[in-house]
Amino acid sequence: MKKLLIIFSLLFTTQTFYGQNPQKTASPEPQRGKPIVIPTRYDEHRFVALPVTDGGQQLAFFTDSGGGLFIFDDTAEKLKLDIHQGEEKGEDGQPVKFAALPGFKASALIPQPLGKADGRLFVMGHKNAPPTFAKYDGMLGQQWFAGRTWTFDYPKQQLLWRAAGDLPKHQPAQAVKLFFKTDATGKHLTDFARIPVEIDGEVIDFLFDTGATNVLPDEVLKVINDGRPAERAASFLTKSQFDKWKQKHPEWRVLENIKTMTGNAMIEVPKIKLGGFEVGPVWFTVQSDNAFHKYMAQWMDKPTEGALGGSALHYLRVTVDWTNGIAVFEKP
């Protein structure tokens, strides 16, 4: 299941699109100091976008800065979207299909993608989706966030689309540089962000992953005993980094020989430092080194030691300028 989830969330992130450009629908644009609130459902420190089409159909897209960009085939067919067939083929040997998002009501809209997707999403078979994502109409991943400025306001449970470069007033310590895989000219080849995080006096690199998710079994929920549901935001950690922390800090809470949706061990880190703020505790789910040192590293500027998700980010208000690679952290 763990491998399936990684492949599912990253699917088609580096593919090329073919065909005519989709028709763009005129929509409001955010102004400096006046962001647009994306209609969302805040679900266990994750943001689910709930736009309403011009025809009155409400959709649900899982947003994930560490994921891919797609719409499920049955949703695309129900909306009668113009589905194009690409020249490349998927793992099943069938041509890849893609479609543009429909038009949305101004009062409940999401913007079209700006990145390599050029306004189009891959059309994915719904029957192949893991259960965790099958309840949505698709996923808005790193290519959707690309080229824009966003605020993940965890305390207020809002996702804000901001004008280009519209960062909140902040002290230098609140700004963290993000890093992307680029070409020789500095152009982003992907928009998966690497974020350095200070933990236990050491700066460690993570994937910025707002959609990181885990599902905990009943026996783990009883041990953690936080009153929250099984499906929740997560953060991920390589096995080698887990082993270091476990040996150095025997007082940190560790769960091993368990079976969650995305790993077989978890560790609770008391404090981490983001943008000058100490926050915690943060649960990390352990994954293999290869998941980040090799597989995910293909789309990063350098290998990371895991992924930083809502289990860590929810303490703060996070504004990310994807174009200039800056994250600003605020604490209510």
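- Results of the side chain to side chain contact (heavy atoms under 4.5 Å, CB included) test with L159 over Y42, F47, Y154 single out F47 as the only residue that passes.
- Counting heavy atoms from C-beta outward, T238 and S288 have side chains that stay 4.5 Å or more apart.
- With ring centers used as reference points, F152 lies under 6.0 Å from F145.
- Between F98 and H84, the ring planes lie parallel to each other; the angle is under 30°, not in the 30° to 60° tilted range.
- Contact annotation: the side chain of I199 approaches that of F284 to within less than 4.5 Å [non-hydrogen atoms, C-beta and beyond].
- Using a distance-only test at 3.5 Å, with no hydrogens or angles considered, no donor-acceptor pair links the side chain of T285 to the main chain of T262.
- Rounding to the nearest 0.5 angstrom, the gap separating the CG atom in L121 from the CZ atom in F61 is 6.5 Å.
- The structure places CH2 of W322 at 5.0 Å from OG of S65, a figure rounded to the nearest 0.5 Å.
- Looking only at side-chain heavy atoms (C-beta outward), V197 and I204 stay at 4.5 Å or farther from each other.
- The shortest non-hydrogen separation linking L81 to P102 is CD2-CB, 3.9 Å.
- Rounding to the nearest 0.5 Å gives a distance of 11.5 Å between CD of Q143 and CZ of R120.
- When all heavy atoms of M266 and L216 are compared, the pair lying nearest together is SD-CD2, 3.8 Å.
- Side chain of N214 to backbone of M261: a donor-acceptor contact under 3.5 angstrom is found.
- Within the 3.5 Å criterion, the main-chain N or O of W245 finds no donor-acceptor partner in the side chain of H249.
- Residues passing the salt bridge (charged side-chain N to carboxylate O under 4.0 Å, His left out) test with K259: none are found, sequence neighbours excluded.
- Without hydrogens or angle criteria, T63 side chain to V48 main chain gives no donor-acceptor distance under 3.5 Å.
- L101 approaches P111 most closely through the heavy-atom pair CD1-O, 4.0 Å.
- Identified under the salt bridge (charged side-chain N to carboxylate O under 4.0 Å, His left out) test for residues 276-285, with sequence neighbours left out: none.
- Heavy atoms of other residues, nucleotides or ligands lying less than 6.0 angstrom from CD of E251 number more than 12.
- Here the CD1-CG distance, from I36 to L160, works out to 10.0 Å after rounding to the nearest 0.5 Å.
- Proximity of L308 to I272: side-chain heavy atoms (C-beta onward) are separated by under 4.5 Å at one or more points.
- Residues V286 and I258 do not share a hydrophobic cluster, defined by chaining ILVMFWY side chains whose heavy atoms lie under 4.5 Å apart.
- Side-chain contact check for K302 versus R194: some heavy-atom pair is nearer than 4.5 Å.
- Looking only at side-chain heavy atoms (C-beta outward), K78 and Q57 come within less than 4.5 Å of each other.
- At least one side-chain heavy atom of S311 sits under 4.5 Å from a side-chain heavy atom of V282.
- If you chain together hydrophobic residues whose side chains sit under 4.5 Å apart, V328 and F180 never meet in one group.
- Between T304 and D205, the shortest heavy-atom contact is CB-O, 3.5 Å.
- Side-chain atoms of R162 do not come within 3.5 Å of backbone N or O of V320 as any donor-acceptor pair.
- Hydrophobic clustering of Ile, Leu, Val, Met, Phe, Trp and Tyr side chains at less than 4.5 Å, counting indirect connections, unites W161 with V318.
- Residues F62 and Y136 place their aromatic rings such that the two centres sit under 6.0 Å apart.
- A pairwise comparison of heavy atoms in A134 and H126 identifies O-NE2, 2.6 Å as the closest pair.
- Across Q287 and F292, no two heavy atoms sit closer than the pair OE1-CE1, 3.4 Å.
- Listed by first and then second residue, the side chain to side chain donor-acceptor pair (under 3.5 Å) pairs involving residues 173-183 are D183-T185 (not counting sequence neighbours).
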Using the ring pair (Phe, Tyr, Trp, His ring centres under 6.0 Å) rule, take F70 and F133 through it: C-alpha gap first, then chi angles, then the decisive distance, then the call. CA-CA 12 Å; F70 59 85; F133 300 107; 7.8 Å; no

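- Taken to the nearest 0.5 Å, the CG atom of L114 stands 3.5 Å off from the CZ atom of R148.
- The pair K239-D243 counts as a salt bridge, with a side-chain nitrogen and a carboxylate oxygen less than 4.0 angstrom apart.
- R317 pairs by the salt bridge (charged side-chain N to carboxylate O under 4.0 Å, His left out) definition with D153, E330, not counting sequence neighbours.
- The backbone N or O of D321 sits nowhere less than 3.5 Å from a side-chain atom of T323 that would complete a donor-acceptor pair.
- If you check the side chains of T149 and D166, you find no donor sitting under 3.5 Å from an acceptor.
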Trace of the side-chain contact (heavy atoms from CB on, under 4.5 Å) decision for K156 with T151: CA-CA 11 Å; K156 290 187 177 180; T151 292; over 6 Å; no

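- Ion pairing of D200 with K248 is present here, as a side-chain N (NZ or NE/NH1/NH2) and a carboxylate O approach within less than 4.0 Å.
- Side-chain heavy atoms closer than 4.5 Å link hydrophobic residues (I, L, V, M, F, W, Y) into clusters, and following such links, possibly through other members, connects V279 to I267.
- Judged as a salt bridge (charged side-chain N to carboxylate O under 4.0 Å, His left out), and not counting sequence neighbours, R41 has no contacts.
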Show your working on side-chain contact (heavy atoms from CB on, under 4.5 Å) between T53 and L59 and close with a plain yes or no. CA-CA 8 Å; T53 69; L59 304 178; 4.0 Å; yes

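- More than 12 non-hydrogen atoms from other residues, nucleotides or ligands lie less than 6.0 angstrom from NZ of K135.
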Between M296 and F192, is the side-chain contact (heavy atoms from CB on, under 4.5 Å) condition met? List the steps. CA-CA 9 Å; M296 192 64 218; F192 296 108; 3.6 Å; yes

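- Atoms CD and CD, on E305 and E202 in that order, are 8.5 Å from each other to the nearest 0.5 Å.
- Applying the ring pair (Phe, Tyr, Trp, His ring centres under 6.0 Å) test to pairs two or more places apart or on separate chains, none has a residue in residues 219-244.
- Residues F329 and L167 do not share a hydrophobic cluster, clusters being chains of Ile/Leu/Val/Met/Phe/Trp/Tyr side chains in contact below 4.5 Å.
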Under the side-chain contact (heavy atoms from CB on, under 4.5 Å) rule, what do I195 and L178 come out as? Steps first, then yes or no, please. CA-CA 5 Å; I195 182 169; L178 302 179; 3.7 Å; yes

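- When the shell of 6.0 Å around CD of E219 is examined, it contains more than 12 heavy atoms from other residues, nucleotides or ligands.
- Proximity of a side-chain donor or acceptor of Q31 to a complementary backbone N or O of E29 within less than 3.5 Å is detected.
- A 4.5 Å side-chain heavy-atom check between D301 and L189 finds every atom pair outside the cut-off.
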